[in-house]
Number of protein chains: 2
Amino acid sequence: MPDKKDRFKMLLKEKGLKVTTQRVDILEALEIRPDKHLTAEEIYEIVKEKNPDIGLATVYRTIQLLAELNLIDKLNLGDGYVRYEIGNMDEEQKTHHHHHHLICLGCGNVLTFQGDLLDTLEGQIQKTMGFEVVDHEVKMYGYCKDCAAERGKE
Amino acid sequence: MPDKKDRFKMLLKEKGLKVTTQRVDILEALEIRPDKHLTAEEIYEIVKEKNPDIGLATVYRTIQLLAELNLIDKLNLGDGYVRYEIGNMDEEQKTHHHHHHLICLGCGNVLTFQGDLLDTLEGQIQKTMGFEVVDHEVKMYGYCKDCAAERGKE
DNA sequence: CTGCGTGCAAAACTTTTGCACCAGT
DNA sequence: ACTGGTGCAAAAGTTTTGCACGCAG
């Protein structure tokens with residue numbers, strides 16, 4: 001895949017916006033982080049290591065920009081923080097995200113899964129209710145393999 | 001179905017908690033309202049019509065209580081407000097809620113649907129990933145029948 | 001140069017908490 | 001009476017906004 005940073009820079013130029021170090025740093029933070037699902041504050045802390053002068057307001061403003069450009073997805077785990085993750089869709093596939101999350105009630109980890117069954121469900125909704133589905137978000141709460149085993153022992 | 005208010009009062013007594021007018025008023029507000037999915041502030045406004053002296057803090061405290069008793073469900077539409085709706089489950093069926101919402105991007109209405117297909121999906125997740133699903137929440141964004149028709153015209 | 005973007009601080013907003021008073025049991 | 005509940009106001013916490021300065025184009 002083409003580097004996400006390049007795509008970002010391209011989009012900025014297209015729209016007559018400026019490519020600043022802060023904006024690139026913030027995208028990088030989201031890209032590098034393996035555990036994903038970062039809050040604004042977490043992104044701020046990461047970027048500050050490299051660029052201590054950055055302001056939290058800039059993080060919020062850039063996050064909003066990135067979401068508008070469909071480069072990142074908003075995600076709400078219900079813990080009071082809004083979280084963000086890099087979108088994993090292809091170039092032009094701007095619609096239909098893949099927000100399928102398994103949230104472990106034991107360790108708090110968030111896994112992702114690919115649900116092709118959702119398409120069937122959407123077809124059903126379209127037919128029975130006339131509701132035209134554009135995007136969806138699915139959250140499953142439960143226990144991951146390890147935590148389920150741990151609980152089984154007790 | 002047995003009156004939800006009676007069930008609430010019963011549960012309160014069981015736990016040695018008090019049945020106050022405020023608590024009953026708040027449950028009533030959630031029960032009466034047809035459009036459901038109310039924010040704390042909205043509940044506050046509704047109850048204030050009947051009991052102008054109520055405080056917003058009491059609404060928050062009661063909401064928390066009702067959620068703990070599984071009488072209402074938390075719901076996050078991603079618009080910055082936490083919302084609440086009366087649970088539609090049977091007496092003892094405390095696990096596995098039915099948070100299946102269709103959110104219309106046109107008119108903003110929120111519809112509900114019953115998704116039996118989700119069970120299939122859960123079985124698949126259990127098998128392939130060893131993740132034990134306890135509860136789930138599904139949100140579909142799109143256009144309801146009316147709004148889809150409206151958009152078709154243009 | 002021109003104007004968009006940034007940092008800082010203050011504001012805005014939702015939700016929580018401390019405390020004195022009040023009401024249900 | 002006792003104890004938990006309420007209202008008010010202040011606090012806490014996240015996100016937004018106004019403004020002067022600085023940097024990208």
Side-chain angles (χ1 to χ4, degrees), chain A residues 5-6 8-30 37-69 72 74-84, chain B residues 5-6 8-30 37-69 72 74-84:
Chain A
K5 260 179 294 186
D6 291 341
F8 183 29
K9 289 179 189 169
M10 205 182 70
L11 283 168
L12 287 175
K13 280 174 188 159
E14 263 177 32
K15 299 215 166 197
L17 302 172
K18 291 177 183 172
V19 178
T20 64
T21 45
Q22 289 91 332
R23 284 178 174 166
V24 176
D25 286 352
I26 288 167
L27 182 63
E28 260 178 7
L30 279 154
H37 314 106
L38 301 172
T39 64
E41 192 77 33
E42 284 167 350
I43 295 167
Y44 177 54
E45 291 302 328
I46 294 168
V47 176
K48 234 179 18 182
E49 284 173 25
K50 188 187 169 194
N51 178 357
D53 288 339
I54 196 169
L56 182 53
T58 300
V59 174
Y60 277 103
R61 283 185 284 232
T62 303
I63 279 169
Q64 249 176 303
L65 180 61
L66 285 165
E68 277 163 26
L69 295 175
I72 62 174
K74 245 178 157 175
L75 172 60
N76 202 312
L77 265 44
D79 60 354
Y81 296 84
V82 181
R83 291 161 185 282
Y84 300 89
Chain B
K5 260 181 289 184
D6 292 341
F8 183 29
K9 290 178 187 171
M10 204 183 71
L11 283 168
L12 287 174
K13 281 175 187 159
E14 263 177 33
K15 299 215 166 195
L17 301 172
K18 290 176 182 170
V19 179
T20 64
T21 45
Q22 288 90 333
R23 283 177 176 166
V24 176
D25 285 353
I26 288 166
L27 183 61
E28 259 178 8
L30 279 154
H37 314 106
L38 301 172
T39 64
E41 192 76 33
E42 284 166 350
I43 296 168
Y44 176 55
E45 291 300 331
I46 294 170
V47 176
K48 232 175 23 178
E49 284 173 25
K50 186 185 167 192
N51 178 355
D53 287 341
I54 198 169
L56 183 53
T58 299
V59 173
Y60 277 104
R61 283 185 286 232
T62 303
I63 279 170
Q64 249 176 300
L65 180 61
L66 286 165
E68 278 163 26
L69 296 175
I72 61 173
K74 248 178 154 173
L75 170 61
N76 202 313
L77 266 42
D79 60 354
Y81 297 82
V82 181
R83 289 161 186 282
Y84 300 89

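None of the values given here were measured: they were computed from a predicted structure.
Put simply, chain B comes within 4.0 Å of DNA chain C, heavy atom to any atom, from C:dT14 to C:dT25, going 5' to 3'.
B:Tyr84 contributes atom OH, which lies 10.0 Å from atom CG of B:Leu30 (distance to the nearest 0.5 angstrom).
For the side chain to side chain contact (heavy atoms under 4.5 Å, CB included) test, residues two or more places apart in sequence or in another chain that qualify with B:Gln22 are B:Thr20, B:Asn51, B:Ile54, B:Thr58. A search for side chain to side chain contact (heavy atoms under 4.5 Å, CB included) contacts involving B:Glu49 returns nothing, not counting sequence neighbours. Evaluation of the side-chain hydrogen bond (donor to acceptor under 3.5 Å, both in side chains) rule for B:Gln64 yields no partner, not counting sequence neighbours. B:Glu41 pairs by the side chain to side chain contact (heavy atoms under 4.5 Å, CB included) definition with B:Thr39, B:Tyr44, B:Glu45, B:Leu56, not counting sequence neighbours. Every residue two or more places apart in sequence or in another chain was checked for a side-chain hydrogen bond (donor to acceptor under 3.5 Å, both in side chains) with A:Arg23, and none qualifies. Not a single side-chain hydrogen bond (donor to acceptor under 3.5 Å, both in side chains) links B:Lys48 to another residue, sequence neighbours left out. Residues passing the side chain to side chain contact (heavy atoms under 4.5 Å, CB included) test with A:Lys13 are A:Val19, sequence neighbours excluded.
A pairwise comparison of heavy atoms in A:Asn76 and A:Tyr81 identifies OD1-O, 4.1 Å as the closest pair. Of all heavy-atom pairs between B:Leu38 and B:Ala29, the closest is CD1-O, 4.1 Å. The two residues A:Ile26 and A:Val59 come nearest to each other via the heavy atoms CD1-CA, 3.7 Å. Nearest heavy atom pair, residue B:His37 against residue B:Leu75, reads CD2-CD2, 3.0 Å. Summarising the geometry of B:Ile72 relative to B:Ile63, their closest heavy-atom pair is CD1-O, 3.6 Å, with the distance given to 0.1 Å. Scanning all heavy atoms of the two residues, the minimum distance from A:Arg83 to A:Glu42 falls at NH1-OE1, 4.0 Å.
Whole-Å rounding puts the B:Arg23 CZ to D:dG4 P distance at 11 Å. Put simply, CD on B:Gln22 is 17 Å from P on D:dG4, counting in whole angstrom units. Rounded to whole angstrom, the span from the CD1 atom of A:Ile43 across to the C1' atom of D:dT14 amounts to 14 Å.
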Evaluate the criterion side chain to side chain contact (heavy atoms under 4.5 Å, CB included) for residue pair A:Thr62 and A:Asp25; output intermediate values, then yes/no. CA-CA 10 Å; A:Thr62 303; A:Asp25 286 352; over 6 Å; no

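A heavy-atom distance below 4.0 Å to DNA chain D is reached by these residues of residues 59-68 of chain B, ordered by number: B:Arg61. Within residues 45-57 of chain B, the residues approached by DNA chain D to less than 4.0 Å at the level of any non-hydrogen atom are B:Asp53, B:Ile54, B:Gly55, B:Ala57, in residue-number order.
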Going 5' to 3' through nucleotides 20-25 of chain D, assign each nucleotide B (protein heavy atom under 4.0 Å from a base atom), S (under 4.0 Å only from sugar-phosphate atoms) or - (no protein heavy atom that close). ----BS

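Position along DNA chain D of the nearest nucleotide to B:Thr58 versus B:Gly16 favours B:Gly16 as the more 5'-ward residue.
The bend of the helix from C:dC1-D:dG25 to C:dT25-D:dA1, defined by the angle between the axes of its first five and last five pairs, stands at 30° to the nearest 10°.
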